[in-house]
2 protein chains.
Amino acid sequence: MKASADRAPFDRAAFDRTVRERLERSGRRYTGGRRSVVEALVESGHPLSISDIEKLRPGLPRSSAYRHLVELQQAGIVRRLSAEDEFSRYELAEDLTEHHHHLVCVSCGRVVDVTPPKSFEIAVTEVLDELATSEGFTVQGHRLDLLGRCASCS
Amino acid sequence: MKASADRAPFDRAAFDRTVRERLERSGRRYTGGRRSVVEALVESGHPLSISDIEKLRPGLPRSSAYRHLVELQQAGIVRRLSAEDEFSRYELAEDLTEHHHHLVCVSCGRVVDVTPPKSFEIAVTEVLDELATSEGFTVQGHRLDLLGRCASCS
DNA sequence: ATAGTACTGAGACTGAGTCTCATTATAGTA
DNA sequence: TACTATAATGAGACTCAGTCTCAGTACTAT
């Protein structure tokens, strides 16, 4: 049940290559600004709000940060998720990290990653795919968030 | 697997009583404006965005609608959820309806309810509670959304 | 070098959501 | 029925996360 039990060590060079490839495939360069945003996400290891990113990258203008986040989403490198508060959070795309879910603190909005066992995911996926297709939906993925209070807000 | 297989018929009077009680417990009256919002949610049976509510209740001013939604949330009658787009959706609180999850269309933002079998929920809850408590979280509930494309956006 | 194109920062702009305030409705009391 | 205190409401100003525009800068290729 430990999140990192059998995770491969993080290969920075391979990661960089993938990011560059995806950007170039969408007609973009892997520039300093974009790298700055991506690395902030890698370093923190948590979904970040725009103000988190501003704190981690004080030099980067707000408009550039937002623009990069949009571009990175379009290139399939970043995805946006929504907490209980009004602020969007951004994290690395699912296939660049381990598949995981979120603990969302309803009090402070903090989001923490957790990884359930593989067998759990398989069971979930089976049941849900069936439900969705019966409604005419084509499933691309799922998100499973636990809402509650984090240790410091309890 | 059918969503409504063993659901009790909707008892409007009992529902109204509960809503009134919860409002009064939070020091509020069950007035026309609040009723209007609650009934829009009941009638549609789906999570609604603010513009959905405006369409269903053309006379109701925007500021009143928002105010009522906040009050109804505080009274535990409504909860806010977030789709993939920038618009919040509002639905009746979990315990006023059947426990359910969402199919979220990543293209048009539409949200549809689905209800997995009870056994599924139990299995999910067990695994997740364990994960959360190991991180110091106190779990209050979970949300499980399927992301994909609805029939009309495929 | 030069041209064409992508990238960037600065700041104006948009619009969902909030707040304020003056007015209106309601409940309670006599 | 009149009176008072309190809650509810509509109108519109305001806030601020997120988007858009534009002029200037950096790449890339030839």
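In what follows, every chain begins at residue 1, and chains take the letters A, B, ... in the order their sequences are listed.
A close approach under 4.0 Å does occur between a side-chain nitrogen or oxygen of A/T31 and OP1 or OP2 of C/dT8. Note on A/H68: a side-chain N or O is less than 4.0 Å away from OP1 or OP2 of C/dT8.
A/H102 pairs in a side-chain hydrogen bond (donor to acceptor under 3.5 Å, both in side chains) with only one of the listed residues (A/E91, A/H46, A/R110, A/R143), which is A/E91. Shown are A/I122, A/L128, A/V124, A/D129; of these, the side chain to side chain contact (heavy atoms under 4.5 Å, CB included) with A/E126 is made only by A/I122.
Atom CD of A/E54 is separated from atom P of D/dG18 by 10 Å (rounded to the nearest Å). A straight line from CZ of B/R35 to C1' of D/dA8 spans 15 Å, rounded to a whole angstrom. Rounded to whole angstrom, the span from the CG atom of A/D52 across to the P atom of D/dG18 amounts to 12 Å. Whole-Å rounding puts the A/Q74 CD to C/dA6 P distance at 14 Å.
For the segment residues 20-29 of chain B, the set of residues with a heavy atom within less than 4.0 Å of an atom of DNA chain D comprises B/R28, B/R29, in numerical order.
The structure places OG of B/S49 at 6.0 Å from NZ of B/K55, a figure rounded to the nearest 0.5 Å. The distance from atom CG of A/D113 to atom NE2 of A/H100, rounded to the nearest 0.5 Å, is 3.5 Å.
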- Message: One pair to check against salt bridge (charged side-chain N to carboxylate O under 4.0 Å, His left out): A/R12 and A/E39. What are the steps and the verdict?
- Response: CA-CA 10 Å; A/R12 181 53 158 277; A/E39 292 185 345; 3.4 Å; yes
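Not a single donor-acceptor pair under 3.5 Å links the side chain of B/R20 to the backbone N or O of B/Y30.
Criterion: ILVMFWY side-chain heavy atoms under 4.5 Å apart, direct or through other members. Under it, B/F15 and B/L69 are part of a common hydrophobic cluster.
Using a 4.0 Å cut-off between charged nitrogen and carboxylate oxygen, A/R57 and A/E43 count as a salt-bridge pair.
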- Summary of protein contacts for nucleotides 16-21 of chain C, nucleotide by nucleotide, where a base hit scores B, a sugar-phosphate-only hit scores S (4.0 Å, heavy atoms): SBBB--
